[in-house]
Amino acid sequence: MQEADPGPFSNGLTPNTDNTDHESEGLIGPEHLCRIAEVADRAERVVRDQESRGGSDFSGLSQFDECIYLKNSDGVVVFSNEAHQRHFSHHGSPVGRTSQSYLEPTMAARGEKIASLLQEGCVYVECEFSGPCPDGCFYRIVSHKRSLKALESPGLAILGVLRLNRQDDGNDVTQQIDLVSASTRFRELSDRDQEMCRLTALGISSRELGERLGMTTRGIELRKQKAFAKLGVAKAVDLARLLTRLQDRGYLDLGL
């Protein structure tokens, strides 16, 4: 058993470095793990069956209700079943793309963390967390991802199985959606505007910002207005509160 820092996962994660059964150590309900592990076992059998025949038709994975995908060693999705396509094709099919190109940044970061654990020798990683999907909805997600290294197939490296439970109400969910949206809008700002906002949150005046960034005070004020409008804040103190919250919740690292 290998322990891991939960990192960006809201409920922690449980990696495994062998093929023995294990429990979640209180991080995830064992009943969830058992059920999704069984689904992953069946899905892997479909993949192995195709590989043994020298084929690449994984359409049999679309019989599953869970979202299932296959990635190669470069992190590119090479197959996405019908359930996965329904939830993750809002901005185009995931096939032929990496997580960073179709997932919200915090969700993509979780995927990268899991991929690194699998690359380091974990046979599988299971976790449970909340987050937004490209279909615009917020979900509670139980995830099981396992290495396909044993197949010795150069085109297959990871099997992913996701069970999604949509969450439509509750203040906590609404607040998390708001923070996810805010972090996305912040990342959409130019590098200069991000730095301007960071320094503003630290209490740097427009005059000082102009000197640091090689702009006039008036130019700084105009850029601030546009950035503030995009982030949905009215003044510097509101900006500071927002960026501090985003940093405290792990969405951004701004050195505040």
Side-chain angles (χ1 to χ4, degrees), residues 1-2 4 9 13-24 28 30 32-103 107-129 133-134 139 141-164:
M1 175 70 70
Q2 173 183 330
F9 299 91
L13 54 83
T14 304
N16 197 337
T17 55
D18 54 39
N19 291 308
T20 58
D21 292 335
H22 76 291
E23 295 184 353
S24 64
I28 310 172
H32 286 167
L33 295 182
C34 180
R35 288 198 295 267
I36 199 165
E38 291 173 354
V39 173
D41 287 341
R42 298 202 306 272
E44 185 175 353
R45 284 196 289 272
V46 172
V47 175
R48 287 181 177 274
D49 181 59
Q50 277 298 311
E51 282 293 295
S52 67
R53 299 178 184 182
S56 57
D57 179 11
F58 301 113
S59 58
L61 295 174
S62 286
Q63 66 182 295
F64 295 88
D65 294 329
E66 289 79 8
C67 297
I68 298 178
Y69 64 84
L70 300 170
K71 286 185 177 182
N72 63 21
S73 58
D74 294 322
V76 175
V77 176
V78 296
F79 175 82
S80 172
N81 76 344
E82 291 180 5
H84 192 267
Q85 290 280 338
R86 280 199 305 273
H87 293 290
F88 293 90
S89 293
H90 189 68
H91 301 297
S93 173
V95 176
R97 303 164 68 186
T98 61
S99 298
Q100 295 90 334
S101 67
Y102 69 89
L103 291 180
M107 294 279 280
R110 291 185 176 99
E112 291 177 1
K113 176 67 173 178
I114 290 174
S116 68
L117 290 170
L118 295 174
Q119 291 168 359
E120 291 168 5
C122 290
V123 173
Y124 63 89
V125 178
E126 293 164 325
C127 58
E128 185 175 6
F129 55 90
C133 288
Y139 294 90
I141 301 171
V142 179
S143 169
H144 178 112
K145 300 181 185 180
R146 63 175 59 181
S147 170
L148 295 177
K149 185 177 180 180
L151 291 180
E152 297 183 346
S153 173
L156 297 176
I158 294 175
L159 164 68
V161 180
L162 307 173
R163 178 172 288 129
L164 278 57

Does a side-chain heavy-atom distance below 4.5 Å link [X] with [Y]?
X: K145; Y: L162; value: yes
X: H84; Y: F64; value: no
X: S99; Y: R110; value: no
X: E44; Y: L148; value: yes
X: F88; Y: C67; value: yes
X: S59; Y: E82; value: no

Results of salt bridge (charged side-chain N to carboxylate O under 4.0 Å, His left out) for D65 - residues two or more places apart only: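 Here no residue qualifies.
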The criterion is salt bridge (charged side-chain N to carboxylate O under 4.0 Å, His left out); which residues satisfy it with R42, sequence neighbours excluded?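 Salt bridge (charged side-chain N to carboxylate O under 4.0 Å, His left out) check on R42 returns nothing, list empty.
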Between D74 and V76, is there a donor-acceptor pair closer than 3.5 Å when you use the side chain of the first and the backbone of the second?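 Absent.
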Indicate yes or no for a side-chain donor-acceptor contact from Q50 to the backbone of D57 under 3.5 Å, with no hydrogens or angles considered.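 Indeed, once roles are kept as given, a pair shorter than 3.5 Å links the two residues.
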Parallel, tilted or perpendicular, judged at 30° and 60°: which one describes the rings of Y139 and H87?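 Y139 and H87: perpendicular rings.
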Indicate yes or no: does D49 engage R45 in a salt bridge with an N to O separation below 4.0 Å.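 No, no charged N to carboxylate O under 4.0 Å.
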Taking R146 first and then D41, would you say they form a salt bridge - that is, a charged N and a carboxylate O separated by under 4.0 Å?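 A salt bridge links R146 with D41.
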Which of these passes side-chain contact (heavy atoms from CB on, under 4.5 Å) with F79: L61, V95, L159?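 For F79, the side-chain contact (heavy atoms from CB on, under 4.5 Å) test succeeds with only one of L61, V95, L159, which is L61.
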One pair to check against side-chain contact (heavy atoms from CB on, under 4.5 Å): V142 and E128. What are the steps and the verdict? CA-CA 4 Å; V142 179; E128 185 175 6; 4.0 Å; yes
Please walk me through it: do Y102 and M107 pass side-chain contact (heavy atoms from CB on, under 4.5 Å)? CA-CA 10 Å; Y102 69 89; M107 294 279 280; over 6 Å; no
Residue pair P154 / S73: nearest heavy atoms and the distance that separates them: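 Minimum heavy-atom separation between P154 and S73: O-OG, 4.4 Å.
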